[in-house]
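Beneath this line is the structure, given in structure tokens, with notes to follow.
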Amino acid sequence: MSTQEKKSIYDTQEREYSVSSPAQQPTRLQHLMRQLRHDTREAAYSVQARGQLLVQHWIMLEQHISRIVRNTVPSGEKLAPGILYVGVAALAGPIFTRKRNFAVRWTSPLVFGAAAAAYWLPGTAQVVLRNVWARYGDPKTIDRVTEMWQEVKQTRREAVKSVQEGVQELRMSLQEGREFGKKRAAEAVNVAVAAAKEEADVVVTTVQAQTHKASEAVTKVMDKIPVPKDEKPKKPLPLGFKDSAE
């Protein structure tokens with residue numbers, strides 16, 4: 001069995017490398033180009049870092065605004081289009097007060113905007129007022145005002161309930177009074193009809209009695225009148241002659 005020699009993958013012969021001459025010093029133009037590339041790269045990195053920082057700040061600002069809106073606007077209340085109405089009202093304030101003094105013109109946007117917010121965004125306006133008062137006001141006063149507001153709401157609910165109950169009772173009493181009036185009217189009509197019938201019966205009885213008496217009197221009078229005897233009828237005279245008895 002013959003064996004084959006494996007060939008080496010490396011070169012067996014040594015190669016000769018020529019030693020190059022030492023590198024030449026860079027020229028001024030090459031130095032300027034190298035410095036320009038370095039400055040450009042540094043400026044690009046700086047712009048990229050500032051852009052990323054700006055984007056991060058913008059994202060944080062969006063998250064902060066969305067968190068404020070979520071904590072300010074109560075659930076069930078839409079921010080649009082009420083916020084547009086509030087802005088229009090605030091802009092219309094100086095227009096309506098353009099002929100007033102300086103203080104009224106400068107405070108009118110706040111007053112008009114607050115009134116529009118209280119009407120179009122009542123929940124949001126209440127939350128904003130509570131937050132402002134909690135930041136710059138007295139907590140005890142806030143609690144007292146909250147308790148007073150709850151008492152006012154409870155009093156309002158009780159007043160509405162009492163008014164509704166009073167209206168219901170009045171309606172029922174009017175209905176009962178109407179039915180009682182109908183009943184009394186029917187009874188009065190029945191009594192009047194019965195009285196009229198009795199009076200009519202009395203009148204008829206009286207008329208019948210008077211008629212009976214009158215008929216009896218006429219009969220008595222007729223009985224007292226003598227009955228004349230039968231006489232022969234006279235013959236009629238001719239025309240132009242008068243009766244001799246005349």
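Values below: every heavy atom of this structure, side chains too, minus hydrogens, waters and symmetry copies. Nothing fancy with the numbering, it's 1 onward along the sequence.
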Any pair with a residue in residues 65-78 that passes side chain to side chain donor-acceptor pair (under 3.5 Å), sequence neighbours left out, goes on the list, sorted by first then second residue, please.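 Residue pairs with at least one partner in residues 65-78: His64-Arg67, Glu77-Thr124.
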
Do you reckon [X] sits in the same ILVMFWY cluster as [Y], going by side-chain contacts under 4.5 Å, direct or chained?
X     : Y     : result
Leu36 : Val47 : no
Val86 : Val69 : yes
Ile65 : Leu79 : yes

Report yes if the side chains of Phe112 and Phe96 come closer than 4.5 Å at any heavy-atom pair, otherwise no.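 Yes, their side chains come closer than 4.5 Å.
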
May I ask you to test the His31-Thr27 pair for a side-chain heavy-atom distance under 4.5 Å?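 No, too far: nothing below the 4.5 Å cut-off.
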
Side chains of residues 99-106: which donor-acceptor pairs under 3.5 Å do they make with residues two or more places apart or in other chains?
| from | atom 1 | to | atom 2 | distance (Å) |
| --- | --- | --- | --- | --- |
| Asn101 | OD1 | Val104 | N | 3.1 |
| Arg105 | NH1 | Arg100 | O | 2.6 |

Pair up each side-chain donor or acceptor in residues 161-172 with any protein partner under 3.5 Å, not counting sequence neighbours, and list the distances.
| from | atom 1 | to | atom 2 | distance (Å) |
| --- | --- | --- | --- | --- |
| Ser162 | OG | Glu158 | O | 3.2 |
| Ser162 | OG | Ala159 | O | 2.7 |

[atom1]/[X] to [atom2]/[Y] distance, rounded to the nearest 0.5 angstrom?
X      : Y      : atom1 : atom2 : answer
Asp39  : Ser46  : CG    : OG    : 12.0 Å
Leu121 : Gln126 : CG    : CD    : 12.5 Å
His38  : Thr40  : NE2   : OG1   : 10.0 Å

Output yes when a side-chain donor or acceptor of Arg98 lies under 3.5 Å from a complementary backbone atom of Ile95, and no otherwise.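 The answer is yes, because a donor-acceptor pair under 3.5 Å joins these two groups.
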
If I compare all heavy atoms of Ala116 with all of Ala89, which pair ends up nearest, and what's the gap?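 Shortest heavy-atom separation between Ala116 and Ala89 comes out as CB-CB, 3.5 Å.
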
Where do Ser108 and Pro94 come nearest, in terms of heavy atoms and distance?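 Looking at all heavy atoms of both residues, the shortest contact is OG-N, 3.4 Å.
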
Does Arg50 have more than 12 heavy atoms from other residues, nucleotides or ligands lying within 6.0 Å of its CZ?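 12 or below, so no.
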
